[in-house]
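Residue numbers run from 1 in the order of the sequence given. Remember, it's 1-based here, ligands and their atoms both numbered in the order they're listed.
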Amino acid sequence: MQLQLATWQEIDAYLKRSTAVLIPIGSTEQHGPNGFIGTDAICPEFLAKSIGERTGALVAPTLSIGMAQHHLGFSGSITLRPTTLIAVVQDVVNSLARHGFDRFWFLNGHGGNIASVNAAFSEIYAESSLGTASSNRPSLICRLKNWWETPGVQAISTELFAENEGSHATCSEVSLTYYAYPDHVKQAEMSPPRAPTGPILDADDYRRRFPDGRIGSNPSLASVEAGRRLHDAAVKDLSDEWTAFAA
Ligand code: NI
């Protein structure tokens with residue numbers, strides 16, 4: 001069930017059977033020579049829709065812009081500063097909490113979001129601890145889940161890509177987006193085939209260390225068929241986790 005396609009009466013009815021909501025969160029940032037700029041938002045959104053169909057989960061609109069300051073050396077990338085992302089997550093949770101939601105499962109597509117989203121959770125818990133939350137608000141439970149951290153996804157990634165998976169513009173995430181949007185598959189020369197690795201600092205430093213945007217990956221190995229396998233494995237594992245969280 002997608003929140004954006006529901007009426008307020010349908011949300012009222014949903015709240016009578018569940019107070020849990022699934023919120024995809026991603027980023028809008030370069031993903032190397034053959035990856036979509038929307039990769040990190042598309043992956044959790046695509047999986048969330050399938051999880052919603054399988055489990056009946058209420059899926060909120062995707063938070064498509066995240067904390068991606070280090071990608072600003074590449075055209076098209078957009079970032080929220082960490083404090084802005086913290087405020088966005090707080091406001092989204094507090095809006096939904098007002099209606100009676102008390103469990104928030106953020107399905108994440110971008111490693112750069114993790115620190116800020118966890119800081120937002122601490123801010124939300126501090127509202128209760130400090131007594132600044134509304135007095136009739138239930139205790140809230142917030143969880144961040146990275147879509148790629150499931151046993152099924154890890155097994156397929158290792159089998160198909162091994163050391164070529166990398167950590168940014170990975171073979172797996174590019175494959176998943178190709179399965180979601182097969183009419184937009186892109187071909188590009190990768191030089192070197194496997195990208196360098198190193199620390200992530202600011203945008204200028206990132207561009208010097210990782211000239212085409214990739215880190216450690218060779219996403220020329222990405223394919224629609226790999227994306228189909230990753231999708232099916234992720235949806236199975238993540239549906240089980242969602243169901244346990246929402247219960
Ligand atoms: Ni990514």
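Residue-level check: among N/O/S atoms of Asp40, OD1 sits closest to the Ni ion (ligand 1). In His31, the N, O or S atom that comes nearest to the Ni ion (ligand 1) is NE2. Its N, O or S atom nearest to the Ni ion (ligand 1) is what matters here, and for Glu173 that atom is OE1.
With hydrogens and angles left out, the side-chain atoms of His71 and Thr79 include no donor and acceptor closer than 3.5 Å.
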Glu29 vs Ile37, test: side-chain contact (heavy atoms from CB on, under 4.5 Å). Steps then yes/no.
CA-CA 5 Å; Glu29 64 187 47; Ile37 288 174; 5.6 Å; no
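Side-chain contact check for Leu85 versus Ile25: some heavy-atom pair is nearer than 4.5 Å. Looking at Trp105 and Leu107, their side chains come closer than 4.5 Å, going by heavy atoms from C-beta outward.
Contact annotation: Glu29 places no N, O or S atom under 2.8 Å from the Ni ion (ligand 1). Look at His168 and the Ni ion (ligand 1): no N/O/S atom of the residue is under 2.8 Å from the metal.
Ring planes of Phe245 and Trp242: tilted class, angle from 30 to 60°.
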